[in-house]
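Scroll down for the structure; my scribbles are underneath it.
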Amino acid sequence: MPAAAAIHTLIVDDQASMRALIRTSMQQLGFREFREAGDGEAGLRHMLAQPAHLIISDFNMPVLDGLGLLRAVRAHPPTAGAAFIMLTGRADRDLVARAVQFGVNNYLVKPFTVAQLKEKIETVFGGLT
């Protein structure tokens, strides 16, 4: 069970306000190491350059959506082990099923609370010390 401060996180969302909300929420949980990207393609470049432990990615983005990013991350051995939490504005069963098929660790429906985010992260990493 790693301490939140030791988990390097990549936040991928095309809305700067949502990236800021996620970052602020994670800071409240003790996370300190963040990188951000405005679309899946930029997120993939970040992961290839310096893999993160955790990716929190929106589903609906231009250029490369969250499912495309998930598939690319899972297909590349140096990044395949990263935890991946998908954000979506809709609780679409088909989307969730496809994300599970491609190896998502968890998903979170927007809008979310800090407590919900913590629960989703702890499901993947265990208790945050």
Side-chain angles (χ1 to χ4, degrees):
M1 289 174 260
I7 300 172
H8 295 248
T9 305
L10 175 62
I11 300 167
V12 186
D13 197 298
D14 58 320
Q15 296 181 359
S17 59
M18 183 55 67
R19 291 194 308 270
L21 177 65
I22 296 165
R23 184 179 59 252
T24 300
S25 298
M26 294 188 73
Q27 287 170 332
Q28 291 175 28
L29 298 172
F31 288 81
R32 297 290 173 256
E33 297 291 330
F34 304 98
R35 285 179 292 146
E36 298 181 17
D39 61 58
E41 188 174 278
L44 182 58
R45 283 194 305 269
H46 278 289
M47 282 299 288
L48 295 176
Q50 183 182 6
H53 302 121
L54 170 62
I55 301 166
I56 298 180
S57 175
D58 188 24
F59 164 68
N60 189 17
M61 296 181 291
V63 185
L64 181 65
D65 69 13
L67 279 180
L69 174 60
L70 173 61
R71 291 178 72 178
V73 165
R74 292 293 183 248
H76 188 63
T79 62
F84 200 111
I85 296 176
M86 183 81 68
L87 288 173
T88 179
R90 55 195 175 109
D92 181 326
R93 288 184 184 177
D94 180 55
L95 166 63
V96 171
R98 288 187 325 199
V100 167
Q101 175 187 356
F102 297 138
V104 76
N105 296 93
N106 217 327
Y107 73 95
L108 186 60
V109 178
K110 297 187 276 187
F112 61 88
T113 65
V114 174
Q116 289 168 326
L117 178 62
K118 180 181 182 188
E119 177 186 325
K120 298 296 184 176
I121 294 170
E122 286 184 333
T123 299
V124 176
F125 286 99
L128 299 173
T129 56

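Taking 4.5 Å as the limit, some side-chain heavy atom of Arg35 sits within range of a side-chain heavy atom of Gln50. Leu54 places a side-chain heavy atom less than 4.5 Å from the side chain of Met26. Residues Lys120 and Gln116 form no side-chain contact, since every pair of their non-hydrogen atoms from C-beta on lies 4.5 Å or further apart.
Of all the heavy atoms in His8 and Ala52, the pair that sits closest is O-CB, 3.5 Å. The heavy-atom pair separating Phe84 from Asn105 by the smallest distance is N-OD1, 2.7 Å. The heavy-atom pair separating Met86 from Ala99 by the smallest distance is CE-CB, 4.5 Å. Annotation for Met47 and Thr79: closest pair O-CG2, 3.5 Å, computed over non-hydrogen atoms. Nearest approach of Gly43 to Val12, heavy atoms of both residues: CA-CG2, 4.1 Å. In terms of heavy-atom proximity, Leu29 sits nearest to Val114 at CD2-CG1, 3.7 Å.
Val73 and Val96 fall within the same hydrophobic cluster, defined by Ile, Leu, Val, Met, Phe, Trp and Tyr side-chain heavy atoms under 4.5 Å apart, directly or through other members. Linking Ile, Leu, Val, Met, Phe, Trp and Tyr whenever their side-chain heavy atoms come within less than 4.5 Å puts Ile55 and Phe59 in one cluster. In this structure, Leu108 is a member of the same hydrophobic cluster as Phe34, with clusters built from ILVMFWY side-chain heavy atoms closer than 4.5 Å. Note: the hydrophobic cluster containing Met18 also contains Ile85 (ILVMFWY, side chain heavy atoms under 4.5 Å, direct or indirect links). Cluster membership for Val124 and Val109, using ILVMFWY side-chain heavy atoms within less than 4.5 angstrom, is not shared.
By the 6.0 Å contact criterion, CZ on Arg98 is enclosed, its count of non-hydrogen atoms from other residues, nucleotides or ligands being greater than 12. Tyr107 OH: 12 or fewer foreign heavy atoms inside a 6.0 Å radius.
Atom-to-atom distance recorded for Leu69:CG and Leu44:CG is 6.0 Å, nearest 0.5 angstrom. Atom CZ of residue Arg71 and atom CG of residue Asp65 lie 10.0 Å apart, to the nearest 0.5 angstrom. Note: Glu36 CD to Ile22 CD1 = 8.5 Å, rounded to the nearest 0.5 Å. To the nearest 0.5 Å, atom CG of residue Leu87 and atom CE of residue Met61 are 9.5 Å apart. Of the inter-residue distances, the one linking Asp14 atom CG with Asn60 atom CG reads 7.0 Å to the nearest 0.5 angstrom. Annotation: the span from Leu95 atom CG to Leu67 atom CG amounts to 5.5 Å, rounded to 0.5 Å.
A side-chain donor-acceptor contact under 3.5 Å links Arg32 to the backbone of Gln27. Side-chain atoms of Arg19 come within 3.5 Å of backbone N or O of Asp13 as a donor-acceptor pair.
Exactly one of Thr123, Ile121, Ile56 qualifies for a side-chain contact (heavy atoms from CB on, under 4.5 Å) with Asn106. That residue is Thr123.
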